[in-house]
Amino acid sequence: MLLLVMTSTPVLADVKDIRVWQSPDNTRLVFDLSEPHEHKIFQLSNPERVVIDLADTQLLKAIDQIDLSNTWVEGIRSGKRGKGDLRIVLDMQQRLSPRSFPLPPNKKYPYHRLVVDLEKTSVSKAVAEPLKRSDSDTGSHKARDIIIAIDAGHGGEDPGAIGPRGTFEKHVVLKIAKELERLFKQEPGFAPFMVRTGDYYIGLRSRTQKAREANADFFVSIHADAFKHPSASGSSVFVLSERGATSETARWLADKENDADLIGGVSLEGREDHLAMTLLDLSMTAKRESSVQIGSKILGRMKHVSKLHKRQVEEAGFAVLKAPDMPALLVETGFISNPGEERKLGTDAYRKKMARAIFDGVRDYFKRYPPRGTLIAAGQAGQSTFHTYTIRRGDTLSGIAVKNGVAVADLRRANDLKDDQIRIGQTLRIPKT
Ligand SMILES: [Zn+2]
């Protein structure tokens with residue numbers, strides 16, 4: 001009897017939770033489902049809505065408890081359709097392109113997940129052609145800052161490693177990244193670029209792509225990881241190895257970091273053809289050398305802040321480091337799985353010291369080997385970008401402009417002049433060209 005009832009009843013799935021993450025490019029909704037499940041998704045206009053239909057599903061989460069603050073979703077409603085179908089309606093602030101994909105359970109996460117991404121239609125998904133800086137770029141262009149791309153690992157659905165006291169790696173590393181950003185903002189001749197600014201996930205390949213679009217000279221990914229043994233401790237610095245990891249720990253960590261992209265639902269490795277791989281390998285060689293040098297400088301600073309897990313820069317096959325046109329490092333700022341280090345990573349003082357060690361290492365390297373065309377290379381950082389000139393009898397503004405090879409308009413702007421009137425004895429700021 002019971003068997004009969006069971007066979008005639010359709011498979012019921014439960015929606016156990018719905019989480020919402022906002023990134024600069026999209027709003028991501030993640031549904032936790034008790035079963036793998038079919039869904040339909042479509043859009044309605046006037047007003048803008050996104051509708052998600054799940055057959056034979058019940059919602060266990062109280063819909064008014066879903067936090068939509070700071071997202072592009074204005075409201076969320078649910079209703080029953082037919083016998084037991086669930087309809088979720090999202091009231092949108094603007095028209096976005098919906099994309100959805102299922103995620104199977106993994107080691108970190110026991111549920112089947114349905115990921116719904118609502119993306120800005122104007123966001124170009126095409127891979128941007130990196131701006132090439134040729135060596136002859138120095139002459140006519142203004143000297144520029146050295147751009148340091150700072151990547152806080154994980155984020156959003158991907159918490160990274162979780163410490164025994166419940167500390168999330170994604171939160172700790174964002175704090176260290178922000179401190180590092182603050183230090184580079186203050187340093188003349190350097191400009192930070194934050195790859196991740198909040199609690200959302202970015203695919204591993206997108207991280208280096210963002211850095212490349214920002215014309216970064218260097219890419220540093222910040223992590224605080226876990227190991228199967230809680231006794232593992234200390235900080236480490238990794239560079240990319242095309243051949244494989246140098247230690248068992250490195251291999252294990254690389255697997256874990258690379259696993260993170262499964263949380264984004266994107267397969268990690270695009271199939272590169274043989275030629276592309278060979279070229280990548282060749283161009284990596286020089287960048288790897290500078291990466292190792294920067295890494296050694298960071299380790300030299302870090303040994304005063306924390307125990308080092310390994311004394312030299314390690315190699316591992318992290319996907320996030322595949323940035324052939326810029327040196328790149330991955331820094332493990334400690335083991336969050338170690339109770340002592342989890343406690344330290346939870347303190348502002350330790351995070352500041354760690355950021356300072358990374359900052360000092362990177363700055364030391366680039367002060368010594370500044371890229372061409374930068375303020376540091378020109379020895380101008382922190383110095384005036386003007387020289388001064390005192391007006392003598394017979395001078396005219398246009399004459400001074402010609403003599404110094406600057407435009408009259410630039411002279412006016414540099415000196416807040418409303419017209420070309422100047423007087424003897426007046427001191428002008430002449431922009432350096
Ligand atoms: Zn990590």
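Computed over heavy atoms, backbone and side chain alike; hydrogens, waters and symmetry mates excluded. First listed ligand is number 1; within each ligand, the first listed atom is number 1.
Annotation for Ile336 and Ala161: closest pair CG2-CB, 3.6 Å, computed over non-hydrogen atoms.
A distance below 6.0 Å separates the ring centres of His309 and Phe335.
With respect to the Zn ion (ligand 1), Asp225 has OD2 as its nearest N, O or S atom. Closest N/O/S atom of His223 to the Zn ion (ligand 1): ND1. Per residue Glu169, closest N, O or S atom to the Zn ion (ligand 1): atom name OE2.
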#### Entry: Verdict with reasoning, Lys297 to Asp364, per salt bridge (charged side-chain N to carboxylate O under 4.0 Å, His left out)
CA-CA 7 Å; Lys297 293 227 178 269; Asp364 289 357; 5.6 Å; no

Using a 3.5 Å cut-off and no angle test, enumerate the donor-acceptor pairs between side-chain atoms of residues 83-90 and protein atoms at least two apart in sequence or in another chain.
unit_1 : atom_1 : unit_2 : atom_2 : d
Asp85  : OD1    : Asp56  : N      : 2.9
Arg87  : NE     : Asp53  : OD1    : 2.8
Arg87  : NH2    : Asp53  : OD2    : 2.9

